[in-house]
Amino acid sequence: MHALKSKKRSTEILIFILKIFVALIMFSPIIWIFSGSFKEIMEFTTSPGIIPKNPTLENFSYIFNNSNYFVYVRNTVLLMGLTTLGTLISSSLVAYPLARMDFPGKRIIFAIIVGTMMIPNIALIIPQYIMFGKIGWLDSLLPMIVPAFFAYPYNVFLFRQFFRSIPKELDEAATIDGCNKAGIFFKVLVPISKPVFVTIGMLSCVFWWNELTQPVFYINSDKWRTLTIALMTTFMYTSGNAFVINWPSIMAASTLMIVPPMILYLFGSKFLVEGIKTSGLK
Amino acid sequence: MPSIKLNRKNLKNNLTAYAFCLPWLIGFICFTLFPIAFMFATSLTNRKLNGKSSFVGLSNYSAMFKSENFWNSCKVTIFFTIVMMAVTTVWAVIMAMLLNRKQKFNGIFQFFYFIPSVVPTISLAYAFRTIFGKDAGLLNYIISAFSGKNSSINWMYDPHTVYLVVFFVTLFTYNTGQMMLVFRSSLNDVPRELYEACDMDGAGAFRKFATVTLPMISPIVLFNAVTGCISALNGSFALLYPLTGENGDPNGMTQVLSLLIYKEAFSNMKVGYASALSVVLFFIACLFGIIIFAFSKKTVYYEN
């Protein structure tokens, strides 16, 4: 019995060590980015030590002084805020009848929504690019913001899953009180679904904060650059020399980009984690 | 009389439902249906980036099928998608199982395991470009320190190691973190009694996993793996463009279709040709979509 217990104990310790090892692997790029952002460019390109030899804030001041950093922040926040607002309003509206009403055509609409979820955005980006070019939206945030106000299938799907879990009796009680179907949505469902809105809003914010593909296709000029594209263009080269990649300033800009999602996780992990669990299940 | 009243009420309810669906309908027509039709139409022209175009029939397609780049790219796309799906699923299961061991600090561990998923992919790509760098790269440094020999492998540009790097990087994407959280909750749903029965039989950890855990979570593993396919198709651009460039270095070994589309449209300015490539990508996605439906019919219930 004693031997069995000590064997169990040693496996527990082994697993704990394994956990630490995995944590080290998973966190290594982030440590690398943080440490790189305090290195001098000479050190970054010659020595891979984790602790910077002469820690410097030069890279951060380089970013602030040599680029329109606050313009990029404004653009990213604008993009994130407006797409999230748009998708919360439109997707919740569309999800409501799909989750809680019966009407002819419901099954077909739902099938199409699930079907379009499977089409990767990148497959349609060339025709969309031409289309947005024709109406003069290129080189602005509009090609990303406007579609958000017309319900993303994925978010409709998430809202539907959440709305279905709310007891139907609430609707019936509201009907008896003289509420019509639209009234039920605005007066009953929305107020009690606040956590759902927070969850989907967070997922949307994380997505748009990190989104690279669509801005790369749609945005050209400096004045509408988002942080992700700035990372690939503005901060890429040292000023005056287009052949030396300015890694430490890329790392410094990355550090500044990593911190907000980290804080979001620390304060909203409950919403974020629950939302992701639901999104992946079905 | 009451039936007419009821019909009226029904009609009113139906109209309300359609009104609520309107934003989706407009969006679907403008941003999905029309672009699909337009993509097919453009693929039959020699449209350039500056907008000049004329009808050329199927010549984009015949050029495409003769192009070595195209076939290479299709191969890379399918290879990348399937391997990424497999690698990230296995890694997510491993992390979920580790986190589900009842030990101290699991909350902190979950933070460390999950945070890379919400970090911008472009930051990760650049971090790994330097970690796997030839000269002052962290990995070469660690290998040198352990082996005592000077390691100077050019991980990103060596045909033997580039896939190792690329698939290692996929472990840090959102998809992996999402699956990890999903598996954590589904592993918790496996009945304890089954494990206890295993203990009585004196089964080892591996047998427990193979005979209890895996069969119990297999529907969810399967479904998440296949949805991972779609995010691999969609997310490959944001990951590989900053990592290996539009040419998919070395020698196009990592040039997935989305990179080729971008290159043809914006570097070679052949938008018509890029549209033909998009059509192929669209059909590959449809193929994976059909597979998902086949799986989800078996494993997931959409109650009505």
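Reminder, nothing fancy here: chain letters follow the sequence lines and each chain counts from 1. Since we're looking at a predicted model, the values are computed, not measured.
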K.L.:
Need one label for A:L231: side chain, backbone, both or neither, based on atoms under 4.5 Å from any heavy atom in chain B.
P.N.:
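Backbone plus side chain of A:L231, per the 4.5 Å heavy-atom cut-off to chain B.
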K.L.:
Counting heavy-atom pairs under 4.5 Å to chain B, which of A:I250, A:I30, A:L98 comes out on top?
P.N.:
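If we count pairs closer than 4.5 Å to chain B, A:I30 comes out on top.
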K.L.:
Examine whether an atom of A:P104 lies under 4.5 Å from a heavy atom of chain B, and if so say whether it belongs to the side chain, the backbone or both; otherwise answer neither.
P.N.:
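Contact with chain B is through both the backbone and side chain of A:P104.
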K.L.:
Does any non-hydrogen side-chain atom of B:C30 lie less than 4.5 Å from one of A:F150?
P.N.:
no
K.L.:
Quick one: do B:F237 and A:F217 satisfy ring-ring contact (aromatic ring centres under 6.0 Å, His included)? Show the steps, please.
P.N.:
CA-CA 11 Å; B:F237 182 86; A:F217 276 81; 5.5 Å; yes
K.L.:
Counting only non-hydrogen atoms closer than 4.5 Å, does B:F20 touch chain A with its backbone (N, CA, C, O), its side chain (CB onward), both, or neither?
P.N.:
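Both parts, backbone and side chain.
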K.L.:
Are any side-chain N or O atoms of A:Q128 and backbone N or O atoms of B:P35, one a donor and one an acceptor, separated by less than 3.5 Å?
P.N.:
no
K.L.:
How many angstroms lie between atom CD1 of A:I122 and atom CG of B:L257, to the nearest 0.5 angstrom?
P.N.:
10.5 Å
K.L.:
Among the options B:F288, B:F168, B:F282, pick out the one with the most heavy-atom pairs lying under 4.5 Å from chain A.
P.N.:
B:F282
K.L.:
Angle between ring planes, A:F16 versus B:F105, binned at 30° and 60°: parallel, tilted or perpendicular?
P.N.:
tilted
K.L.:
By a 4.5 Å heavy-atom criterion (distance strictly below it), what part of B:L171 contacts chain A: side chain, backbone, both, or neither?
P.N.:
backbone
K.L.:
Strictly distance-based, threshold 3.5 Å: is any side-chain N or O of B:Y113 a donor or acceptor partner for the main-chain N or O of A:K19?
P.N.:
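A pair under 3.5 Å: yes.
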K.L.:
Sub-4.5 Å heavy-atom contacts with chain A: which residues of residues 125-132 of chain B show up?
P.N.:
B:Y126, B:A127, B:F128, B:R129, B:T130, B:I131
K.L.:
Once ring-ring contact (aromatic ring centres under 6.0 Å, His included) is applied, do any residues pair with A:F149, and if so which ones, sequence neighbours excluded?
P.N.:
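Here no residue qualifies.
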K.L.:
Are any of the side-chain heavy atoms of B:C21 and A:P97 separated by less than 4.5 Å?
P.N.:
yes
K.L.:
Tell me, for B:Y18 versus chain A, whether the close heavy atoms (under 4.5 Å) come from the side chain, the backbone, both or neither.
P.N.:
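Contact with chain A: side chain only.
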K.L.:
By a 4.5 Å heavy-atom criterion (distance strictly below it), what part of B:M95 contacts chain A: side chain, backbone, both, or neither?
P.N.:
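The side chain, not the backbone.
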K.L.:
Does A:I130 reach the side chain of B:R47, with side-chain heavy atoms less than 4.5 Å apart?
P.N.:
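They are in side-chain contact.
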K.L.:
Could you have a look at B:C229, B:P242, B:A136 and say which one has the most heavy-atom pairs with chain A under 4.5 angstrom?
P.N.:
B:A136
K.L.:
So do the side chains of B:S278 and A:L124 get within less than 4.5 Å of each other, counting heavy atoms only?
P.N.:
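B:S278 vs A:L124: side chains apart.
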K.L.:
What part of B:F34 lies closer than 4.5 angstrom to a heavy atom of chain A: side chain, backbone, both or neither?
P.N.:
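Side chain only.
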K.L.:
Could you tell me if the ring centre of B:F266 sits under 6.0 Å from that of A:Y129?
P.N.:
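So the answer is yes for these two rings.
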K.L.:
Kindly indicate whether the side chain of A:I126, heavy atoms from C-beta on, has any atom under 4.5 Å from the side chain of B:Y262.
P.N.:
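When only atoms from C-beta onward are counted, B:Y262 and A:I126 do not touch, as no gap falls below 4.5 Å.
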K.L.:
Using non-hydrogen atoms and a 4.5 Å limit, figure out which bit of A:E211 sits close to chain B: side chain, backbone, both or neither.
P.N.:
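When you check distances to chain B, no heavy atom of A:E211 falls under 4.5 Å.
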K.L.:
Relative to chain B, which segment of A:I20 carries a heavy atom at a distance below 4.5 Å: side chain, backbone, both, or neither?
P.N.:
both
K.L.:
Compare all side-chain heavy atoms of A:I109 with those of B:F28 and state whether any distance is below 4.5 angstrom.
P.N.:
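No, every pair of side-chain atoms sits at 4.5 Å or beyond.
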K.L.:
Measure distances from B:T32 to the heavy atoms of chain A and classify the residue's part below 4.5 Å as side chain, backbone, both or neither.
P.N.:
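Both the backbone and the side chain of B:T32 come within 4.5 Å of chain A.
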K.L.:
For residues A:V22 and B:W91, determine if any side-chain heavy atom of one lies less than 4.5 Å from a side-chain heavy atom of the other.
P.N.:
yes
K.L.:
Under 4.5 Å from any heavy atom of chain B, what part of A:V206 do you find: side chain, backbone, both or neither?
P.N.:
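Side chain only.
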K.L.:
Please verify the inter-ring angle class for A:F27 with B:F112; under 30° counts as parallel, over 60° as perpendicular, anything in between as tilted.
P.N.:
perpendicular
K.L.:
With under 30° as parallel and over 60° as perpendicular, where do the rings of B:F111 and A:Y265 fit, or are they tilted in between?
P.N.:
tilted
K.L.:
State, with a plain yes or no, whether a side-chain heavy atom of B:N13 is found less than 4.5 Å away from one of A:D102.
P.N.:
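Result no, sub-4.5 Å side-chain heavy-atom pair not found.
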